Amino acid sequence: ANQVLFKNPNEPPLVFSWFPVVGSTITYGMDPPRFFRENRAKYGDIFTFILLGKKTTVYVGCAGNDFILNGKAKDVCAEEIYTVLTTPVFGKDVVYDCPNSKLMEQKKFMKIALTTQAFQSYVPIIADEVSSYFKKSADFKGKSGIVNMPPKMAQITIFTASHSLQGKEIRHKFDETLADLYHDLDMGFNPVNFMLHWAPLPWNNRRDHAQRTIAKIYMDTIKERRAAGKSDAQDMMWHLMNSTYKNGTPVPDHEIAHMMIALLMAGQHSSSSTSSWIMLWLAARPDIMEELYREQVEVLGADLPPLQYEDLAKLPLNQAIIKETLRLHAPIHSIMRAVKQPMPVPGTKYVIPPSHVLLSAGGVTATDPAFFPEPDTWEPHRWDKDSPIAPGWCKGAASPYLPFGAGRHRCIGEQFANVQLQTITAMVVREFKFRNVDGSNKVIGTDYASLFSRPLEPANIHWEKRDE
Ligand code: HEM
């Protein structure tokens, strides 16, 4: 009743809940897309709910995407929300453990490193990692079999990303200690840590030990490289070693190390989840997998020569697979910002007060039938004519399709992720025919229990080697 009596008419409607502090945390956490859809139907595009004791205002739709993601630095703040989780994992002085202006410079360094020349060198590295993975893996011995795909894709993602972005020294260390260390570090991304980040929880001790050890591995590698002199490597680490902040300070080694961790963690969760969904959809739609194979044969020739960066642009269906999979399965379903000063919402009576957190959920427009007919169907051919963008579609942060975010925090890894995922998909299609174990054309449900959504497991598929 208090909620009704003291309700400020300028605040958005509050989603009802029986529980004071917990609020809607549970219903939201179990299935965020469903929570957004149901409350949008009830309250409209703007509504507030209680998430871990905090008034959290969701604003969906194109105007909402723009309002939050294009928010000015004086109005909205990302680091205030994310730092408790990310600083112990990445380390100090990078990303959210520094002023936003410094993050902007760090993102620029990373973006500049991703040149066409860099991508040309990455595609053969990624393609080789994929084929040697399948040659070596005990789970892919013989002519056919059944395998739980997501753990395989997690390994392929980390091998391909570390080798291309961080160089072969770091890649080799994944065969030794780095894989286990990153596994421990990853426990820091447990959503429980949003509340208990300070607690001496057992996984947090392992997290902290892993962070220090991994950072030291990178810093030692940087020292070795400096001692060895010039390199023709195209990787990100080398580029950061030669970058200087606007104030004239070269990027310190510990910051390079911490950015390497941040890159690998950011890229790992999102790309490995996406590549898993791609494989599961190929198993659900063997007809599309065949089409992809024919596309490569037609464009590149029946002998399928080693894949090059330039080939990727000639394979539109292969590209559409990534776009369509991210439309349905964007791994980041909620983007949050702390509100710094009262924010009037244009065209409404609402003013969002500084006590609120704003939540952007781009997946709502990406699955809205107003923009994508039959939105729940995975149909890569909807991207055939370049994009299904209808005339009324807005651009930039107001686009209904934003798997990589928008505005000042927009992803710098989009191009890399596309190159990585397209190369992995093309190589898998060359090697295998997939189908669902039960022959159906469905995929498994989504696991929302960690920060990045991913397929529930086991997610088994049936594979068969293509005849040579
Ligand atoms: C930011 C998605 C891959 C590095 C973001 C954001 C999204 C996103 C939605 C915005 C977050 C926010 O506004 O709070 C994805 C998806 C990926 C992917 C769907 C793959 C399918 C990568 C990769 C890298 C990367 C491979 C590194 C090479 C970053 C960085 C930011 C970012 C540095 C900036 C964070 C900030 O400015 O606050 N990504 N990402 N991402 N991503 Fe990605």
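We count ligands from 1, going down the list as the structure has it; atoms in each ligand are counted the same way. In this text the structure is predicted, and so the values were computed from the model without any measurement.
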- [ ] Establish, from distance only, whether the side-chain atoms of Gln420 and Ser271 form a donor-acceptor pair under 3.5 Å.
- [x] yes
Task: Subset of ligand 1 atoms that lie under 4.0 Å from at least one heavy atom of Pro331 - done: 19 (C)
Open item on the list: Side chains of Ile278 and Ile424, heavy atoms from C-beta outward: is any pair under 4.5 Å?
Closed with: no
TODO: Flag the pair Trp463 / Phe134 as yes when their ring centroid distance falls below 6.0 Å, and as no otherwise.
DONE: no
Open item on the list: Would you say Ser453 and His333 are linked by a side-chain donor-acceptor pair, where the criterion is simply a distance under 3.5 Å?
Closed with: no
- [ ] Give the residue and atom name of whichever protein heavy atom lies nearest to atom 35 (C) of ligand 1, and the separation in Å to one decimal.
- [x] Tyr96 OH, 3.4 Å
TODO: With heavy atoms only and a cut-off of under 4.0 Å, state how Leu165 meets ligand 1: side chain, backbone, both or neither.
DONE: side chain
Task: Neighbouring protein N, O or S atoms of atom 43 (Fe) of ligand 1 [cut-off: under 2.8 Å, no waters] - done: Cys411 SG
Open item on the list: For ligand 1, which is the ligand I care about here, please tell me if Ser271 has any N or O atom under 3.5 Å from one of the ligand's N or O atoms.
Closed with: no
Task: Closest protein heavy atom (residue, atom, distance) for atom 27 (C) of ligand 1 - done: Leu263 CD2, 3.4 Å
Task: Distance from atom 21 (C) of ligand 1 to nearest protein heavy atom, with residue and atom - done: Thr274 OG1, 3.6 Å
TODO: Please verify whether a non-hydrogen atom of Pro403 lies at under 4.0 Å from ligand 1.
DONE: yes
TODO: Tell me, please: is Ala78 in heavy-atom contact with ligand 1, that is, under 4.0 Å?
DONE: no
TODO: Look at atom 37 (O) of ligand 1 and say which protein heavy atom is nearest, naming residue and atom and giving the distance to 0.1 Å.
DONE: Lys107 NZ, 2.7 Å
- [ ] Please work out which of Gln420, Arg410, Arg337 has its closest non-hydrogen atom nearest to atom 12 (C) of ligand 1.
- [x] Arg337
Task: Pair Thr160-Glu129, side-chain donor/acceptor within less than 3.5 Å - done: no
Open item on the list: I want to know whether Phe174 and Tyr182 have ring centres closer than 6.0 Å.
Closed with: yes
Task: Asp208 bridged to Arg212 by N-O distance under 4.0 Å - done: no
Open item on the list: How far is atom 10 (C) of ligand 1 from the closest protein heavy atom, and which atom is that?
Closed with: His409 O, 3.4 Å
Open item on the list: Quick check against the 3.5 Å criterion: does Ser360 have a side-chain atom that pairs as donor or acceptor with the backbone of Ile335?
Closed with: no
Open item on the list: I need the contact type for Ala262 against ligand 1. Using non-hydrogen atoms and a strict under-4.0 Å cut-off, is it side chain, backbone, both or neither?
Closed with: neither
Task: ligand 1 contact on Leu69 by region, counting heavy-atom pairs under 4.0 Å - done: neither
- [ ] Considering the heavy atoms of Ile335, write down every atom of ligand 1 situated less than 4.0 Å from one of them.
- [x] 9 (C), 12 (C), 13 (O), 14 (O)
Task: Residue list, ring pair (Phe, Tyr, Trp, His ring centres under 6.0 Å) with Tyr309, at least two apart or on another chain - done: Phe119
Open item on the list: Side chains of Tyr96 and Glu80: any donor to acceptor distance under 3.5 Å?
Closed with: no
TODO: For Phe416, take its heavy atoms, then give the atoms of ligand 1 lying under 4.0 Å from any of them.
DONE: 26 (C)
TODO: Sort and list the pairs that fulfil salt bridge (charged side-chain N to carboxylate O under 4.0 Å, His left out) and have at least one residue in residues 248-276, not counting sequence neighbours.
DONE: Lys102-Glu255, Arg226-Asp253
TODO: Is it possible for you to check whether Arg327 lies under 6.0 Å from the centre of the six-membered ring of Phe372, through NZ or CZ, and within 45° of that ring's axis?
DONE: yes
Open item on the list: Do the side chains of Glu310 and Lys314 get close enough for a salt bridge, i.e. N-O under 4.0 angstrom?
Closed with: no
- [ ] Using a strict 4.0 Å cut-off to heavy atoms of Tyr82, name the atoms of ligand 1 that fall inside it.
- [x] 14 (O)
TODO: Sequence neighbours left out, what passes ring pair (Phe, Tyr, Trp, His ring centres under 6.0 Å) with Tyr28? Give chain and number order.
DONE: Phe35, Phe36, Phe49
